[in-house]
Each structure stands twice: as C-alpha cells, then as structure tokens.
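Just so we're on the same page: letters track the sequence lines, and every chain starts at 1.
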Amino acid sequence: MIKITFPDGARKEFESGVTAMDVAKSISEGLARKVIAANVNGEVWDATRPINDDANLILLTWSDTDGKKTFWHSSAHLMAEAVEATYPGVKFWVGPALDSGGFYYDMDLGDRKLSEEELAGLEKKMNELAKTNSAYIRKEMPKAEAVQYFTEKGDEYKLDLLSNLEDGGITFYTQGNFTDLCRGPHIPNTGLIKAIKLTSVAGAYWKGDEKNKMLTRVYGIAFPAQKELDEYLAMLEEAKKRDHRKLGKELGIYTMDDDVGPGLPLWLPNGTVIIEELEKLAKETEEAAEYKRVVTPHIAKESMYLTSGHLPYYADSMFPPMELEGQKYYLKAMNCPHHHKIFDAEPKSYKDLPLRLAEYGTCYRYEQSGELFGLMRVRCLHMNDAHIYCTEEQFAEEFRAVNDMYLKYFKIFGIDKYVMRLSLHNPEKLGQKYVDEPELWIKTETMVRKVLVESNIPFVEVKDEAAFYGPKIDVQIWSAIGREFTLATNQVDFNSGNKFKLSYTNQNNEPGVPLIIHRAPLGTHERFIGFLLEHYAGKFPVWLAPLQAKILPISDKFMDYCKNVLKQLKKAGIRAEIDDRNEKIGKKIRDTELHKVPYMLVVGEKEMNENKVSVRRQGKGDAGAKDVAEFIAGVKEEIENRENVVLS
RNA sequence: GCCGUUGUAGCUCAGUGGUAGAGCACUUCCUUGGUAAGGAAGAGGUCGUGAGUUCAAUUCUCAUCAACGGCUCCA
C-alpha cells in the first residue's frame, strides 16, 4: 500500500500502482470524467500512469494551466495522426502547447505544400479520430532501440532529438495509428477533444535557425466543448476590433501609401495631434528632470558609424548609404552617435555631469520586409530618446530616475499589463555579440539589478538579450493580437564612451570616461501610439483625443449659438468642431460616438435660451445640461491633469 | 529575407473568360428633426502593376509590388 497526499493535506492509502484516474474514480465518477492529467510530486504525469510510491497528488482538469497545456499537446498529437493519415511519409519535428493557448506541430512534408484550404480536411479527420476514443499509451524504450526505430524509418528529425536525450526515461506515446517520441504527458484519450480549429499554416525554420530547412508549421486550438471554442473565436474577433491598424484607419490616425513605401507611415492630422501631446508631455517631464534638448541631422558620414561600431556589423539594419563628394552618408538608425558628438563638442568637467541630452530623433531602420507590422514595426521612427552621460558614482541614481520616469508615465496612461525584462549578456559570446569586458558586464548588471530590486519593481531576467554595449531593461507589452513588443528601454553603455573617446576632467584634474544611459521611456511615436490605440481601444482620454468635443446642433436654427460656443471652446484651448451636416440629432450622435469623440454637446432651443450645452460623454450617454463656462472649466481641468478616464 | 494567404469604389465586401455590383462614406435636393442610422437623386473603379495564353482577361498562367498570418530578425 502507498500513501497519497492531497493538496488539502488529506491522506489516503491505495494499492501500489494506482493511477491518478483510479484515485479520481474513488472520489467520484464525475471527477474522473474531468481529470486530464495529474501533478505527482510536482511533476505533470499522465492520469493513467501507475504511481508506485507515496506521493503528493493534484488531479489536473481543464481549469488548471497544466491541464490545458497537456490537453493542447495531446491535440497536437491528434493533428499529427490526421496529417500522417492524409499525407503519408510526413516527418515530424516537435509539437508543443503554447502558453498563449493552442498548439502547433512542425513537420517536413517533403515537396508537398500545405495550403490553408487543406486545414478544413485535417480538422475533419481529427474529429473522426477523436471520436474513436483512442487511449494515449505511454511506453519506455531504451535509447538504442529508439535510435534503431527511427533509423529504419529514416527520420532524421527524431534522431536529432534523440541525440540530445540520455538513455533511460526515453518514452513513446501511441494513440490510434500514431506513435511519437515524446516526453508527455498526455490526456487519457482522444475522446476528450471535442472542438478543434486549425488556425493557420506557416513556415518555421528547423530549430529556429534561418540557415536550416523551413518546415511547415500548423497552428491549432482545441477545447473540451464546442461552446468554449465559440467563445475563443469570439474573443479573437473582439481583439481584432482593437487592432491599431484597423482603429488607426477608422480614426484617421495614420495611413500607409505604396508610393511612399512599406513601413513609412504618414501621420494624418488626428495622429499628429496625439504626437504633439506626447511630445509636450515628454518635454515637460524632461525639462523638470533637467534634460537639455538637442536637434541632430537625419544623416551622418560612414566614419561616425565606424567609430560607433555600428558598421559593418549592423549595416544590414541600416538603409544603404548614398554617396556624395566621395563620401558615404547613412540615414541614422539611432541617435546616440550624434549625441555623443554633441557631448564631445566642448571640453567637459565633472561639474557638467550628469549631462542629459534629449531629442525626439527621427531614425530609419531597414527592417526586413516580413517584419513590418502596422505602427509597431516601421522603417521610419521617432524615438523619445535621450542619453545621459554620468560618472560611475552618479550612475545608480540616474538609472533609478529613469525608471521612476517610466513608472510615472505608465501611471498617466494606466499601463499595467507589461513585463520589465532585465536583459543580460551571455559570457560565451563575449567578443562576438558582446563587448569583451567581462568584469564591466558583471558590475553593471549587478548595479542595474540592484536598482530594480531597491525600487521594488518586479522583473524577469533574460540571458543573451543585452545590447552589445551593456545590459538593459526593456518593457515588454503585447499587441491586441498577442504579438510581443518592447515599448520602452533603459540601457547601460560602458563602451561608447571609449569608442568616441569621450572624456571629462574629474576633481583630481584627471580624465575620466563617462558612463552612458540610453533611454526611451515612451519608445517611439509609432509604437507608442500603436500601443495606445489598442490600450484605449481608440477611446483616448480627453487630453490625447484628437477631437475633444463636438457640438451637435439639433437644427441649423441654432448655428449662430453653436458658433459662439465653439469660439469659447477654442479660446479655452479645447479641440472642438461643429457637426453642421443636415442630419437628425440621432445620426450626429451615432457618427460622433463611432469616432470616439469624448464629449458631445447637444444644442437646441432650450440650451440656446439658457446659455447651456447638453453634455454627452462618449459611451455613457446623456449627462444633462451644463452652463458653457462650467463645462469648459471641467474639461480644461481634465485636460490639464491628463486624467486617464478609461471608458469600457 | 523565408513559408503560406490575399489584393475589385474612400471603407467593408459580393461577383464574372464577353470591358463590373451592394452597404456605408461623399455630392445635391426634400426634410428643421431632442440623445446611436429620416427620404430621394447623383457622382465615384481601365478590378494592385507588368507580361503571356485567348477572337476576347478583372476572371486563366507567370513575374512583380504591397498587405495579412507565422518563422527568422529587432543594435
């Protein structure tokens, strides 16, 4: 007999070799039907795998994350079975569950191409196979035997997987006619998979290396009930409505034009208003933090990028040079070298430090064509850039001040769904991807970590993600459709000072090399506004809204009064317009609502006689009549405070 | 850059081997209407671009450009 301990601390005795499923059945049939896997002593196991020793047991169902992931991984196997049945000879690589939901399987279909139309056929086959209620059967196999099996099969992919596995504990899973090398675990049987949707087919490099062969990747999602699939698909539809590319078009924020070029957004008047409000915020904030503004050209000679070290290593990400007077000029992909030159323009003393140079600099990056993505990934970008030149002693405080600036901004915008990522170097790549200064790396990484810890900022550490000149903190956010982006960045640079021979005279009249902080708390106009569009679902707070109030006359009899109200609003600095179309009030309200204008001011005879406006807040309906002056005072305050009223 | 998909009016989308259609938006007229679509008429597209097949191409084929879903990349 063995003792099984449950999460609530209860203990119960069972025969050795009992399975989680048996345990579940001993509790109730209903529970047993729901169990899809088990957590045994902290490891996720098949619910059907015998437990031979005393163990802590958690029964996993669909409501557990590990339950869902097991379910999706088993769904990937089911898909592989359907693929193998449909396209014999296919070879499989890996088929994991995704943290974001669903699964994929990478496969080599030889010369065959898989089109999206064929996914429906595969789905149908999967549904048939699911209904056979085939059990997922686990089998351990010695490595030699496994190698022989795949050698005979001619499956170089699984042999590659095996080459990295230790003998012992190598397992295979079989359901129906499909057998796969797999560490598991799996759900008890295919019958649990009730609703399947194969979402897309894509290419994916083998092992994620672009030098390798491109495999075919099929993405899918599955659920234990049709209703959940329907809800999932509805959620995707909702997410699409938030997509900044759709909202950007609907709200007249930006446009792209074939003649201008890919990744080169044209900012429409509405988008430009937002840019100017953001710049105003940044300038106010930076002024208060004693930054100095600078302006630099969009191009520079090759020699500067040789100095900076960007050439030749990053030439691929820069637009090719233009040649003039026997010199090569590059469009700038970053502002730092220009700022370093400004630092270097006059001799510096320690009394000049920290020196903080800020610029909304225009950069051009030759992003690969397949990478462009609305406003989030573009080839022309405006960074909320600044470089802080400081001494080692000043560094921690400066770095902390930059972090505080981030947090202040995030509060203004109500940004709370993000991850701070501390990006560290990889010692194995010193001298290649990273500047070969092992001690400096450790030293600065420790400093940065300390600032984060002391500021009580939750963060994750990621190795091999640093900039080539130093560690950095990135703020990761997700687009409406789930793509991850770096919104803001705060980077340490202990290298460029030397490269540019930057120096200052210290208290002892000796030369010192400044440390540099690269920071962009608002990222770029492009990405930040793309993000804000999705964050607010287009319903900008009043201070950012391109149009803040729209005056809606009941009929044109009240036009003179409307013009008078408009004049007062404009005088108060409120962005306002009159809807002077020959339409009924319901139509005017509907159109203004759809354009997500924060305030609608309905004006008719009553309002005209009382010198009032009937206020309607976007998304909230009629808020009653107010004196014009009272309304203006309220809105002005809302704007000046940059109130972050988020409407549902 | 790579794999797959798509490209018809300002927007969303039908459609066809015999030189195109809807809704919304737009213009004009009627209506002067009180909190999410009043009515009528009109204008608007050489069907992404180039080439090929054909008596005939928006439709079929190829190339190219762009967008979309991924992969890789993101100093």
Side-chain angles (χ1 to χ4, degrees), chain A residues 104 106 109 113-119 199-219 240 243 245-246 249-250 252 255-263 305 308-311 313-318 333-334 336-337 363 365-374 376-377 381 433-434 465-470 472 474 481-486 489 491 493 495-496 518 527 552-559 581-594 600-607 614-616 618-625:
Chain A
Y104 67 79
D106 281 351
L109 288 159
K113 305 238 183 224
L114 186 62
S115 74
E116 291 195 357
E117 284 152 28
E118 291 166 90
L119 295 184
T199 46
S200 71
V201 53
Y205 298 109
W206 182 42
K207 294 187 181 181
D209 188 334
E210 63 183 325
K211 289 185 208 75
N212 285 342
K213 182 170 180 175
M214 182 155 271
L215 304 177
T216 302
R217 174 175 296 180
V218 180
Y219 283 90
K240 275 190 196 158
D243 192 315
R245 295 166 296 185
K246 183 175 159 65
K249 190 179 278 179
E250 287 171 359
T255 189
M256 297 283 192
D257 188 285
D258 276 5
D259 266 345
V260 177
Y305 294 111
S308 70
H310 287 105
L311 289 174
Y313 303 108
Y314 302 101
D316 284 352
S317 306
M318 297 173 76
M334 67 297 294
C336 20
C363 297
R365 298 183 181 186
Y366 180 61
E367 303 286 0
Q368 295 187 48
S369 59
E371 267 316 316
L372 302 172
F373 179 73
M376 299 288 205
R377 195 78 182 271
L381 44 114
K433 192 174 167 186
Y434 303 110
E465 289 282 330
F468 76 94
Y469 44 66
K472 59 178 179 174
D474 288 333
I481 59 162
R483 276 213 217 177
E484 188 189 56
F485 288 96
T486 299
T489 187
Q491 312 181 348
D493 180 351
N495 181 246
S496 299
H518 304 238
R527 192 170 286 178
L552 310 180
I554 297 288
S555 91
D556 57 14
K557 284 191 279 187
F558 316 109
M559 200 55 81
R581 295 176 304 164
N582 181 6
E583 293 289 353
K584 286 188 162 181
I585 193 67
K587 170 73 165 166
K588 291 181 184 179
I589 286 171
R590 177 180 158 78
D591 288 347
T592 315
E593 285 279 352
L594 291 176
M600 282 153 269
L601 305 176
V602 177
V603 170
E605 190 162 10
K606 204 170 58 181
E607 289 78 7
S614 278
V615 179
R616 189 188 159 98
Q618 200 269 336
K620 284 192 175 171
D622 194 351

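When the side-chain nitrogen and oxygen atoms of A:Arg245 are compared with OP1 and OP2 of B:rG69, one or more of them lie within a distance under 4.0 Å. Of the side-chain N and O atoms in A:Lys472, one or more sit less than 4.0 angstrom from OP1 or OP2 of B:rA75. Remark: A:Arg483 is in phosphate contact with B:rG69, judged by side-chain N or O atoms under 4.0 Å from OP1 or OP2.
Between A:Thr489 and A:His518, the closest side-chain pair of non-hydrogen atoms is not below 4.5 Å. With a 4.5 Å cut-off on side-chain heavy atoms, A:Tyr366 and A:Met318 do not count as touching. Considering only heavy atoms from C-beta on, A:Arg581 comes within 4.5 Å of A:Lys588 through its side chain. In this structure the side chain of A:Ile554 never reaches within 4.5 angstrom of the side chain of A:Val603, judged on heavy atoms. Using a 4.5 Å heavy-atom threshold, the side chains of A:Glu593 and A:Arg616 count as touching.
In this structure, A:Asn212 places its CG atom 15 Å from C1' of B:rC3, rounding to the nearest Å. In this structure, NZ of A:Lys240 is placed 14 Å from C1' of B:rA67, rounded to the nearest angstrom. A:Tyr104 has its OH atom 19 Å from the P atom of B:rG4, to the nearest Å. A:Glu583 has its CD atom 13 Å from the C1' atom of B:rU27, to the nearest Å. Distance A:Glu210 CD to B:rC2 P: 11 Å, rounded to the nearest Å. Computed from coordinates, the A:Met214 CE to B:rG70 P distance equals 14 Å when rounded to whole Å. Residue A:Asp257 contributes atom CG, which lies 16 Å from atom P of B:rG48 at whole-angstrom precision. Per the geometry, CZ belonging to A:Phe373 stands 14 Å off C1' belonging to B:rC74, to the nearest Å.
Taking only side-chain atoms of A:Ile585, from C-beta outward, the nucleotide of B:rA67, B:rG70, B:rG34 with the closest atom is B:rG34. Closest to the side chain of A:Lys587, out of B:rA36, B:rC24, B:rA75, is B:rC24. In this structure, the nucleotide among B:rG1, B:rA75, B:rU35 sitting nearest to the side chain of A:Ser317 is B:rA75. Among the nucleotides B:rG34, B:rG33, B:rA36, the one closest to any side-chain atom of A:Lys557 is B:rG33. Relative to the side chain of A:Phe468, the nucleotides B:rG70, B:rG1, B:rA75 differ in distance, and B:rA75 lies closest. Taking every side-chain heavy atom of A:Tyr366 into account, B:rG1 is the closest of B:rA75, B:rG1, B:rG33. Listed nucleotides B:rU12, B:rG69, B:rU35 differ in distance to A:Val602; the shortest reach to its side chain belongs to B:rU35. Side-chain proximity of A:Ile589 to the nucleotides B:rG33, B:rG1, B:rA36 is greatest for B:rA36. With B:rG70, B:rG34, B:rG38 as the candidates, the nucleotide lying closest to the side chain of A:Lys584 is B:rG38. Taking the side chain of A:Tyr219 as heavy atoms from C-beta on, and the options B:rA36, B:rG70, B:rU32, the nearest nucleotide is B:rG70.
Between the side chain of A:Arg377 and the base of B:rC74 there is at least one donor-acceptor pair of N/O atoms closer than 3.5 Å. Under 3.5 Å, the side chain of A:Glu367 and the base of B:rG1 form no donor-acceptor pair of N or O atoms. Judged by atom type and distance alone, A:Tyr205 does not reach the base of B:rG70 through any side-chain donor-acceptor pair under 3.5 Å.
Using modelled atom types, no side-chain atom of A:Asn495 and backbone atom of A:Tyr469 make a donor-acceptor pair closer than 3.5 Å. At least one donor-acceptor pair under 3.5 Å links the side chain of A:Arg365 to the backbone N or O of A:Ala333. Not one N or O on the side chain of A:Gln618 forms a donor-acceptor pair closer than 3.5 Å with the backbone of A:Met600. In this structure, the side chain of A:Thr199 engages the main chain of A:Tyr219 through a donor-acceptor pair within 3.5 Å. Proximity of a side-chain donor or acceptor of A:Arg527 to a complementary backbone N or O of A:Met376 within less than 3.5 Å is detected.
With pairs defined as Watson-Crick or G-U wobble and both atom distances under 3.5 Å, the stems of at least three pairs that touch RNA chain B come out as B:1-7 with B:65-71, B:10-13 with B:21-24, B:26-30 with B:38-42, B:48-52 with B:60-64.
As judged by a 4.0 angstrom heavy-atom cut-off over every strand, A:Gly208 is placed among residues touching the sugar-phosphate backbone only. Residue A:Thr592 is classed as having no contact, given no heavy-atom separation below 4.0 Å to the nucleic acid. Across all strands, A:Ala202 comes closer than 4.0 Å to base atoms (heavy-atom distances). Within the nucleic acid shown, A:Glu607 comes within 4.0 Å of at least one base atom, counting heavy atoms only. Heavy atoms of A:Arg616 sit under 4.0 angstrom from at least one base atom. Counting non-hydrogen atoms under 4.0 angstrom, A:Asp556 reaches a base of the nucleic acid. Note on A:Gly604: a base of the nucleic acid sits closer than 4.0 angstrom, heavy atoms only. Across all strands, A:Ser200 comes closer than 4.0 Å only to sugar-phosphate atoms, never to a base (heavy-atom distances). Residue contacts for A:Glu605: at a heavy-atom cut-off of 4.0 Å it reaches a base atom on one of the strands shown.
Between B:rA9 and B:rU46, the two P atoms lie 10 Å apart (nearest whole Å). For the C1' atoms, the distance linking B:rG48 with B:rU5 amounts to 16 Å, nearest Å. For the C1' atoms, the distance linking B:rU58 with B:rU16 amounts to 8 Å, nearest Å. The same atom, C1', is picked in B:rG18 and in B:rU54; the two are 12 Å apart, to the nearest Å. When the C1' atom is compared between B:rA14 and B:rC24, the two are found 15 Å apart, to the nearest whole Å. To the nearest whole angstrom, the two C1' atoms, one in B:rC30 and one in B:rC13, are 31 Å apart. Separation of the P atoms belonging to B:rG69 and B:rG10 is 23 Å when rounded to the nearest angstrom. Taking atom C1' in both B:rG15 and B:rG7, one finds a spacing of 15 Å when rounded to whole Å.
Taking the six-membered ring where the residue is Trp, A:His310 and A:Tyr305 present perpendicular rings, their angle passing 60° and hence far from 30°.
Residue whose closest nucleotide on RNA chain B sits further toward the 5' end, between A:Arg365 and A:Val615: A:Val615. A residue-by-residue look at A:Lys246 and A:Lys606 shows that A:Lys246 has its nearest nucleotide of RNA chain B further toward the 5' end.
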